[in-house]
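Residue numbers run from 1 in the order of the sequence given.
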Amino acid sequence: MLTAASVAAGVVLPTGSIAFAQDTAAAASTAQGVNASGNVGHYRFRVGDIAATVLSDGLIGGPPQIYASDAQEAELEEVLRQAFLPTDHMTLNLNTLLIETQGRRILLEAGAGQTMGPLGGRIFDNLAAIGLRPDDIDIVVISHTHPDHVGNLRTADGGKAFPRATVFAPRADWDFFIRHEPDLSYMPVPEDFRRHFAAAIRQSLEPVTDEIELYEAGTEIVPGLTTLPALGHTPGMANFLVHSGSDQLLLTADLAYHPIVNIDHAWLPGPDRDKETALASRRRIFDMAAADRLPVLGFHFPFPGLGRMLKMDTGYAWVPANWQF
């Protein structure tokens, strides 16, 4: 996903080698003030027999217009004011999900690390908070290969951040971003940003290039974890369906960035490579979520990102889930 998308936002990618999460997690924690306030960055629940934990990797963000590209400026500002949100900056969360099933620990999305600004890279602290280390992860599954979904795959010294894990990524994204020089002209950002964006993807994935497992959307990765086609944001983006018995959980990746601008209002995300295909994917999956009353986890939604999709006469509405203790 694309964020921190203009100089006006005050956040740009590094111009030299990419800085990664594990060397700067402490600085990010201090910047966020999370530990000082006593708030946690993990949230446990269950999907049938599957233990699930949302692990925050922190925060990113950018100008609201980036995430609502077709909104009129005045209307967008009014919607944000009515939601008690800033009108000049939209904060997005990084909600990765750890599932534990059949003796395996599977991480859905790796998170951003420091590739998209200084407030990412908290996943390692939050793993430690639940008594786990990176080498306890058996599988990492990536919905698409934008930096905020793959940034934590690489350590600062170029090694594998999750040393034992098998990493799965969509084949179409691998072909577009890694095997060929990607055409990022669709991104509404300066050319310099596009170059650093592409470099962040390549550097993040470099440690796992020789052993990556490529999948087609629709594949079952392991029993209880199925990928769903959600094309348009990138050539191969997938959504995830976690299922156990009659219980299910839908992970929507970057179909929507924030419920206020992409669900309660149907504005189009600027970073979608193919906006028409992305819109069709969004409607198809949102319709499924609403019709089947599925619990949903939004990768960028306010932590812990859980709720349900409600079908309305004019579109959809986001209903956050009640907190479980």
Side-chain angles (χ1 to χ4, degrees), residues 1-6 8-9 11 54 59-95 116 143-144 146 148-149 186-189 228-234 237 239 249-322:
M1 89 123 238
L2 175 62
T3 187
S6 72
V11 179
V54 180
L59 304 171
I60 55 176
Q65 196 78 47
I66 291 292
Y67 314 111
S69 63
D70 56 336
Q72 295 296 316
E73 182 177 358
E75 183 183 4
L76 176 58
E77 289 186 359
E78 180 60 20
V79 164
L80 294 172
R81 275 194 293 268
Q82 290 292 331
F84 303 99
L85 294 173
T87 59
D88 60 346
H89 184 86
M90 176 157 279
T91 296
L92 304 177
N93 284 254
L94 299 164
N95 300 321
M116 300 299 289
S143 67
H144 65 291
H146 279 180
D148 53 322
H149 295 255
Y186 64 92
M187 290 184 171
V189 293
L228 306 174
L231 312 182
H233 182 62
T234 66
M237 190 176 83
N239 283 183
L249 173 70
L250 173 67
L251 286 76
T252 55
D254 284 7
L255 278 184
Y257 287 111
H258 195 289
I260 296 296
V261 299
N262 303 132
I263 299 178
D264 297 347
H265 296 80
W267 289 316
L268 302 179
D272 288 346
R273 179 173 178 266
D274 182 339
K275 286 183 171 53
E276 289 188 8
T277 300
L279 178 59
S281 294
R282 193 173 302 115
R283 287 173 173 167
R284 171 175 49 83
I285 291 178
F286 285 6
D287 280 348
M288 178 185 73
D292 295 345
R293 302 179 65 85
L294 295 176
V296 172
L297 173 59
F299 182 70
H300 290 299
F301 294 4
F303 181 84
L306 294 164
R308 295 181 191 267
M309 210 77 65
L310 183 64
K311 187 70 180 283
M312 309 290 285
D313 290 341
T314 57
Y316 311 93
W318 176 249
V319 182
N322 291 327

Test item: D88 side-chain N/O and P63 main-chain N/O as donor-acceptor pair under 3.5 Å:
no
Test item: side-chain donor near acceptor, D254 and H144, under 3.5 Å: yes
Applying side chain to side chain contact (heavy atoms under 4.5 Å, CB included) to N95 and L306, what does each step give before you reach the verdict? CA-CA 10 Å; N95 300 321; L306 294 164; over 6 Å; no
Rounding to 0.5 Å, atoms CE (M288) and CZ (R293) come to a distance of 15.0 Å
Quick one: are P320 and P259 in side-chain contact, heavy atoms under 4.5 Å?
no
Is there a donor-acceptor pair closer than 3.5 Å between any side-chain N or O of N239 and the backbone N or O of A230? no
In the structure I gave you, are the side-chain heavy atoms of L268 and R282 within less than 4.5 Å of one another anywhere? yes
| query | Hey, mind stepping through M90 and L80 against side chain to side chain contact (heavy atoms under 4.5 Å, CB included) and telling me if it holds? | reply | CA-CA 9 Å; M90 176 157 279; L80 294 172; 3.6 Å; yes
dist L310:CG -> Y316:OH (nearest 0.5 Å) comes out at 11.5 Å
The reported gap from CG in L228 to CD1 in I285 (rounded to nearest 0.5 angstrom) is 6.0 Å
**Message:** Can you classify the ring geometry of H300 versus H149 as parallel (below 30°), tilted (30 to 60°) or perpendicular (above 60°)?
**Reply:** perpendicular
Result for side-chain contact (heavy atoms from CB on, under 4.5 Å) between D272 and one of H233, M237, M187 points to H233
Less than 4.5 Å apart, side chain to side chain, heavy atoms only: is that true for M116 and L94? no
With a 4.5 Å cut-off on side-chain heavy atoms, are F286 and L255 touching?
yes
request  = Check the pair L294 / L249 against side chain to side chain contact (heavy atoms under 4.5 Å, CB included), numbers first and verdict last.
outcome  = CA-CA 6 Å; L294 295 176; L249 173 70; over 6 Å; no
TODO: In sequence, state the C-alpha distance, the side-chain angles, and the governing distance for M309 and L250, and then conclude on side chain to side chain contact (heavy atoms under 4.5 Å, CB included).
DONE: CA-CA 11 Å; M309 210 77 65; L250 173 67; over 6 Å; no
